[in-house]
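Throughout, protein chains are lettered first and strands after them, A, B, ... in sequence-line order, and every chain is numbered starting at 1.
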Amino acid sequence: MDYEDFNDNESLELFKKTGSDGFFMTTIDSLINWGRSNSVWPLTFATSCCGIEMMAAGASRHDFARFGIEVYRASPRQADVIVIAGTIVHKMAPVLKRLYDQMADPKYVIAMGACAISGGPFYTNTYSVVRGADHVIPVDVYIPGCPPRPEALLYGVMQLQRKIKAESKQNRMETRDNFI
Amino acid sequence: MEHIPLQYFLILSTLMFFIGVAGFIIRRNLITILMSVELMLNSVNINFVAINRYLYPDQMQGHFFSLFIVAIAAAEASVAIALIINIYRRFDTIEVTEVKEMKY
Amino acid sequence: MKFLYDFSILTNSIHQMLAASLSPLWVFIIELVLVGLVFLGFYAILGLFLVYLERRVCAFIQNRLGPNRVGPQGIFQTIADLVKLLFKELFVVRKADKILFNLAPFIVIIASLMAIGAIPYAKGLHAIDLNIGVFYILAVTSLGVVGILLAGWSSNSKYSLLGAMRSGAQIISYELSVGLSLLAVIIFSGSMQLSTIVESQANGWWIFKGHIPAFFAFVIFLIAATAETNRGPFDLAEAESELTAGFHTEYTGIRFAFFFLAEYMNMFLAAALATTVFLGGWMPFHFFDFSGFNYVMDFIPPFVWFFGKTFVVIYIIMLFKWTFPRLRIDQLLTLEWKYLLPLNLLNIIVIAFIVLMGWHF
Amino acid sequence: MVEKREIILGENEPYVINMGPQHPSTHGVLRFELSLKGETVFKVVPHCGYIHRGIEKMCESNTYQQIIHLTDRMDYLSAHPNNEAVSLCVEKALGIEVPERVKVIRTILSELGRLASHQLWWCAFGMDLGALTTFFYGLRDREKILDIFEESFGSRLLHSYICPGGLMNDVHPNFKQRIKDFIPYFRKKLPEYDQLLSGNVIFKERSRGIGMLSLEDAISYGVTGPSGRGSGFSCDIRKSQPYSAYDRVDFKEILFTEGDTYARYRVRIAEMWESMKILEQLVDQIPDGDYTAKMKPIIKLPEGEYYQSVETARGELGVYIVSKGDKFPVRVKFRTPNFSNLFAINHMAVGHKIADLVAISGSLDLVIPDIDR
Amino acid sequence: METFDHNALQETLSAMMPGAVFNTNPQFVEAVVPANDLHKFALELKMNSKTQFDYLVCQTGLDKNEELSVVFHLRSTKLNHSCVLKVITSDRINPEFDSVFDIWKSAEFFEREIFDLLGIKFKNHPDLRRLFLEDDFVGYPLRKDFVDNINIVQ
Amino acid sequence: MSLYEIMFAIFAAVILVFSILTITTRRILRAAVYLLFVLLSTAGVYFWLQYEFLAGVQVALYAGGIVVIIIFSILLTHHIDHKFDRAAWWNIISGSALAIVGSVTAISTILSYDFKPIAKVAIDSSVKSIGNQLVSTGHNGYVLPFEVISILLLAALIGAIVVAKKEDTNSEPISK
Amino acid sequence: MNPVIKYFSEIVKGVGTLITGMKVTSGYFIRPKEIITQKYPENRDTLIMLERFKGEVVMPHDENNQHACTGCGICEINCPNGSIQILTAKITNAEGKSVRVIDKHIYHLSMCTMCGLCVKTCPSDAIVFAPTFEHAVFDRNKLTLQLNKPGSSIKKGVKE
Amino acid sequence: MSSESLVLFFIIGVVLVGGAVLFSNYFAPKSSNPAKLEPYECGIPVKDGSWIQFNVGYYLFSIIYLVFDVEIVFIYPWGTVMKDVGLTAFIEIVIFFVILGLGLAYAWKKKALTWV
Ligand code: SF4
Ligand code: SF4
Ligand code: SF4
């Protein structure tokens with residue numbers, strides 16, 4: 001897919017590196033980013049319905065593995081990305097935070113589904129739902145839908161890959177530090 | 001091989017043996033004691049083998065001796081560990097100083 | 001014709017070339033470095049390729065494509081993984097035993113590397129050819145379990161410890177069956193040297209020559225070796241559905257990659273050993289007296305034969321993993337101690353009897 | 001010697017380990033607190049609430065049409081029966097009779113949902129036991145059903161399709177044909193499930209005699225659905241209190257009396273065959289007509305208390321609505337099947353290994369939001 | 001269809017439970033029993049061979065502004081009939097009923113849920129803790145007077 | 001120095017250093033790992049002496065067998081936090097004194113004696129000849145020890161099982 | 001049965017079942033025809049979504065940049081979680097009367113649950129579902145959309 | 001090239017692992033927070049340390065294993081000469097196996113081979 005085919009290119013430009021290192025560093029950086037973007041191992045973390053679509057994305061029809069995202073790791077130590085697939089409630093929030101903290105750098109977060117973005121169907125009138133996982137941990141890519149279909153997840157993953165490719169080491173650290 | 005005299009082997013094994021002895025005395029933990037014993041056995045094996053190779057290369061007594069020692073060491077270790085773990089289950093510790101009463 | 005592809009000629013000529021211009025010590029050192037570099041590359045590339053292969057194989061089994069977006073047909077997928085893992089943070093959990101935590105991957109990798117060095121890949125193409133070959137491989141691989149136990153204990157995590165204990169118990173148990181089933185061929189061929197064992201299969205592989213008991217030993221070897229390499233359906237140590245990630249729960253980045261790599265290399269080792277011992281190693285397939293057929297077979301280079309057979313065995317091992325449910329720990333041990341071990345002992349006696357009566361070919 | 005006990009546990013003291021909330025085999029965010037002796041479980045304390053979203057509270061400020069979309073999100077694997085339960089309850093309260101076409105279509109949807117749910121259960125169960133390929137085969141076949149769903153309702157998982165009074169819109173013209181194509185396809189694939197898993201000796205060893213649940217306990221714990229029927233608890237609402245079109249189809253209630261994990265497994269496999277039978281009977285008799293009964297745009301239930309139960313893929317789903325004549329209910333209570341099923345797990349898992357616990361919880365087919373609501 | 005005689009069952013029940021008040025309910029036989037007799041009547045309902053309510057389908061806590069109540073939906077798997085049992089209290093500060101977990105095992109967790117969401121206590125319950133919410137959660141969300149200005153967005 | 005000698009020096013150094021570490025470290029699992037290194041370099045020494053089979057046995061039995069079960073028992077009985085107390089000073093002194101005195105005596109004795117290799121042709125130490133000697137009943141045959149080993153193993157097995165299973169009777173089965 | 005015979009027959013039977021399982025899996029391995037993977041990003045041009053797929057709510061505009069929304073706010077009321085906000089404005093129309101028209105039809109894609117109530121209840125059928133799914137963004141605010149295009153106006157013939 | 005090549009392979013292993021770990025240590029990003037350094041337990045703070053309770057099974061099996069390992073070591077040389085020696089060797093191994101078989105049978109009977 002071409003650059004123009006993606007949406008939200010404006011935000012992507014913000015991640016792009018400003019200033020320039022030497023040619024060598026740029027090459028190394030792009031090699032590293034190539035590796036990282038093509039091998040994002042997700043954590044097996046699914047809280048509710050969106051998790052089923054995440055499973056479906058991993059299954060034969062859609063096949064996550066084509067992107068190199070096939071190695072679902074159960075331990076956060078070895079995972080690169082948390083796909084928050086489902087509602088996050090107040091009781092779960094500390095657990096999510098802890099899992100995120102326990103992951104090794106570099107780490108990425110995809111918020112999948114309305115619940116993870118904003119609370120979705122449970123936005124109003126409830127006492128226990130966190131309105132958006134980005135209140136808990138910094139989120140890189142938002143995939144709306146309830147549930148987003150597997151292709152949408154694949155699309156989101158491609159967005160994440162683009163983001164990884166675009167950003168440099170400093171950027172990554174800054175965004176994290178800026179997160180309260 | 002000729003450049004290394006036999007004495008080197010013997011010194012090596014002697015030192016190893018006495019390190020084992022020291023460990024046997026210093027450490028008060030049953031498993032460490034077992035390990036010290038293994039050290040001593042091992043040093044003896046080196047002796048056997050070296051002397052066999054240097055002095056009697058036409059026979060293999062030393063070799064076979066070490067072979068059987070290894071086997072016996074294994075048998076010994078398996079029983080010893082069984083005992084140690086049993087002591088542990090009984091006393092919750094394997095420090096020799098604390099395992100005073102060995103009664104059943 | 002037999003020795004159309006004799007690699008000792010190549011190695012000898014390199015040796016001669018070096019010896020012509022350098023002192024023996026230097027020749028020796030250069031040869032060591034050469035062998036070292038070759039094996040380093042071989043090990044790494046083979047590991048990456050095996051991981052890729054497994055992903056594609058299981059993808060095809062499961063009606064999907066598997067990695068195909070990174071490079072043509074996705075062959076750079078594992079390289080991307082490697083790059084990623086190299087640049088992933090390494091850290092040690094608080095209260096973990098740092099020395100042992102760091103040591104564990106070394107032990108695991110060294111054990112598998114040292115064993116792989118002893119496999120004959122073609123005539124004259126092996127780094128170590130000891131006269132205790134088979135036994136050496138057994139001895140060295142039995143060290144790997146130490147690495148796993150250390151990894152589990154030193155990471156100060158419950159899951160790790162449980163996983164380590166399980167895999168420890170499993171590996172040591174199945175080691176017996178591996179040893180005994182290899183013994184079957186040793187009785188037939190009367191040698192432990194791997195090159196001799198391969199030579200002895202010039203007129204037929206042991207799996208055919210050795211009647212049913214040899215086949216039986218082969219099957220047991222396959223099962224036991226799968227279990228010893230901690231692969232499914234015996235992957236209790238890292239049973240995801242029970243212990244999250246088993247003994248390497250706390251390992252990150254490249255350290256984890258080494259455990260991962262060692263698993264695959266052990267699988268390769270198991271397959272290569274099975275090939276060497278039971279399936280004739282690099283010997284071509286000969287069909288009784290059809291000399292035309294045999295002649296054609298001889299033209300295929302030996303390492304093609306070797307890797308071909310090895311990958312068939314690897315495929316079978318992969319098929320195990322992707323087909324069967326995982327065993328429970330007690331069933332696992334029951335299988336070994338109540339089925340494989342007694343049957344294996346029986347099998348040895350039968351083989352001894354066959355050899356005694358001279359019934360084998 | 002005595003003070004060492006703090007760090008060194010002897011053989012007879014319990015040892016507590018956490019399984020979950022982030023754990024691959026709890027199917028979501030359930031947490032088991034296991035007390036172990038060696039590797040043997042002797043107490044399981046389930047901790048839930050990690051996905052408690054307050055649906056019952058939300059229902060109190062939503063109209064009856066809006067409640068529908070919340071029920072989807074409880075038991076998301078078989079969303080249709082959930083919608084159907086609320087719809088039936090509201091219709092009963094209002095005394096509305098829905099058109100025949102709606103009844104038949106609802107039944108078909110329920111059964112399709114049951115098939116899809118059981119397929120997903122099958123692959124998850126296989127995964128729990130370590131058979132990794134089941135996952136892909138199960139989901140492969142499930143995609144076919146999802147295609148049927150998507151074509152008609154525009155969504156793959158959560159449909160909000162059955163609503164009080166009938167259906168949201170009419171089914172797609174291809175609906176019938178798709179089902180007709182699907183049934184022979186799945187009849188071919190289902191025996192493969194048996195070859196791959198049910199017949200496998202490892203699988204049998206791992207599931208037979210594991211997690212025994214006697215009939216009395218099943219009733220007392222209220223374990224319903226396939227899990228209860230594995231213990232011989234005849235609890236199929238489709239038979240005992242037929243709703244929609246179930247009174248006119250011919251099917252068997254699957255009952256196994258062993259009460260172990262294997263029995264629960266076989267109930268579900270057999271139910272898939274039964275579901276296909278039901279589908280075959282109904283697919284040709286979808287009557288023409290309206291897809292919805294005449295409904296006012298704002299539904300106000302007369303004052304009173306209404307209870308309706310349906311059979312979802314997991315068991316008896318009860319909806320209890322208390323109304324005061326408003327457009328909002330006073331209280332909605334969902335008696336969800338998994339809630340009761342889950343808490344029998346302590347009873348079932350005691351004395352087994354950790355691995356068996358995974359098998360047992362897999363055989364209960366847990367959906368965590370269904371427990372937590 | 002449920003094939004039991006509505007009126008006959010009501011008669012049986014009223015004979016068994018003196019003091020119970022019967023509401024009209026088109027669907028079920030609905031009895032409101034005094035809170036003090038709850039455990040006794042429940043046990044009787046399960047044990048009596050004429051009723052045999054061995055299956056507690058659902059236990060619901062209810063807040064109708066002025067009164068709190070607990071509703072039991074009972075079914076008999078042998079005789080295939082069902083009934084509804086209700087206990088009511090107007091004590092909103094410290095509502096308390098008998099626990100029936102020893103009669104129907106499923107009640108243990110239903111009661112925990114009711115305690116969690118409505119704050120109704122159950123006497124003799126073995127392990128009355130919050131089930132869904134965090135242990136330090138303040139208030140009982142399903143009560144009508146529950147306010148939560150931060151989280152509840154209208 | 002030739003490569004051979006360097007190798008011997010390495011092996012000897014590893015043996016000595018790690019055996020001292022084995023008895024001085026305060027973490028028990030580390031002690032076991034150091035012991036493993038000692039045993040491995042001992043195997044190296046055997047290799048160096050061209051007793052390959054013995055070296056293999058050393059690795060397989062000592063390193064892969066005994067050390068593994070020692071580690072197993074450590075895993076079962078020790079926690080990662082566990083550190084030995086410092087040994088009592090009289091123990092240290094008496095232990096090291098004994099070791100020093102003993103080794104000095106022994107070494108001086110060794111050095112004072114001149115070992116003369118009995119120059120005979122070395123026999124082949126391959127597995128074949130080992131095997132032949134092991135099963136032969138004649139002169140230099142070890143068939144008796146070979147069979148006795150099996151009895152020893154039987155005894156060890158029974159002993160270990162008896163010891164290990166002893167307490168099982170009073171651990172009551174887990175009740176439902 | 002004799003325990004020995006039982007022991008061996010168990011083994012044989014067990015191995016038989018294992019081989020049956022392996023037949024299934026390796027059967028699929030050698031039949032790559034059965035691979036059902038659809039290559040999403042590569043097949044993007046040929047991918048046809050089923051027309052009823054609920055990907056997002058859109059408001060169709062005709063070539064004159066006109067839509068059918070009257071700004072009645074029924075969709076806002078019916079939406080269960082407040083994904084729609086209607087901002088109306090008063091303008092004077094051609095006849096000189098002051099009427100209420102839609103100013104901004106704000107739609108929170110980040111919250112929408114695709115329940116379909118808004119589409120179903122809209123009296124003038126101004127909004128429909130679009131079968132698109134490529135919505136992933138890096139910034140949550142990008143998911144708040146305005147459905148009526150800027151400068152658009154209401155179609156003729158739609159009654160107030 | 002025998003014992004040297006063993007050392008060689010040892011060195012390759014050390015170089016491979018050590019090099020990669022050092023490289024990664026130097027180049028990989030680092031960050032730290034309190035939760036990261038705690039052991040992982042499904043996202044729940046760990047209570048009492050990583051102590052697992054021991055299970056008799058583990059050490060019983062390891063002990064039996066050791067015994068059989070010795071046995072295998074001893075029959076390997078036997079295996080190489082079985083062909084040449086013939087009947088004597090066969091008889092010896094039968095005796096050897098019978099004695100060991102007794103041990104296995106004993107262990108089986110005593111339920112030492114049953115996981116507890
Ligand atoms: S966004 Fe929708 S599908 Fe996803 S978890 Fe939330 S309710 Fe479920
Ligand atoms: S979209 Fe429809 S319902 Fe919503 S304001 Fe416009 S006309 Fe009214
Ligand atoms: S589809 Fe449902 S949730 Fe989305 S805007 Fe419409 S009414 Fe709201």
Between [X] and chain D, which part of the residue has a heavy atom less than 4.5 Å away: side chain, backbone, both or neither?
X: R129(E); value: side chain
X: I103(E); value: backbone
X: V84(E); value: neither
X: L133(E); value: side chain
X: D116(E); value: neither

Note to self: Would you call the rings of F132(E) and F339(D) parallel, tilted or perpendicular, taking 30° and 60° as the class edges?
What the structure shows: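 Judged by the thresholds at 30° and 60°, the geometry between F132(E) and F339(D) is perpendicular.
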Notebook entry, point to check: Should K105(E) and D217(D) count as an ion pair when the cut-off is N to O under 4.0 Å?
Noted result: yes
Check: Looking only at atom types and distance, does a side-chain atom of R331(D) sit under 3.5 Å from a main-chain N or O of L142(E), one as donor and one as acceptor?
Finding: no
Just wondering, do [Y] and [X] contact through their side chains at under 4.5 Å, heavy atoms?
X: H52(D); Y: L117(E); result: yes
X: C58(E); Y: F334(D); result: no
X: K64(E); Y: V322(D); result: yes

Item checked: Which of E56(D), M58(D), E305(D) touches chain E most, by non-hydrogen pairs under 4.5 Å -> E305(D)
Check: Taking every heavy-atom pair that is under 4.5 Å apart, which of A344(D), C235(D), G222(D), C48(D) has the most such pairs with chain E?
Finding: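 Counting heavy-atom pairs under 4.5 Å, the top option is C48(D).
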Counting only non-hydrogen atoms closer than 4.5 Å, does [X] touch chain E with its backbone (N, CA, C, O), its side chain (CB onward), both, or neither?
X: V332(D); value: neither
X: S234(D); value: neither
X: Y320(D); value: side chain
X: E60(D); value: side chain
X: V330(D); value: both

Note to self: Please identify, among T77(E), V71(E), V57(E), the residue contributing the most non-hydrogen atom pairs under 4.5 Å to chain D.
What the structure shows: V57(E)
Check: Counting only heavy atoms not in K43(D), do more than 12 sit closer than 6.0 Å to its NZ atom?
Finding: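 No, because the 6.0 Å sphere around NZ of K43(D) holds 12 heavy atoms or fewer from other groups.
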Note to self: Looking at K252(D), I'd like to know if its NZ atom is crowded, meaning that more than 12 non-hydrogen atoms belonging to other residues, nucleotides or ligands lie closer than 6.0 Å.
What the structure shows: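 No, not enclosed.
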Notebook entry, point to check: Less than 6.0 Å separating the ring centroids of Y55(E) and F233(D)?
Noted result: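 Yes, ring centres under 6.0 Å apart.
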Checklist line | Single hit among Q59(E), E113(E), H73(E) for side-chain hydrogen bond (donor to acceptor under 3.5 Å, both in side chains) with K333(D) | finding: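 Result: among Q59(E), E113(E), H73(E), E113(E) is the only option passing the side-chain hydrogen bond (donor to acceptor under 3.5 Å, both in side chains) with K333(D).
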Check: To the nearest 0.5 Å, how far apart are OG in S76(E) and CD1 in I219(D)?
Finding: 8.5 Å
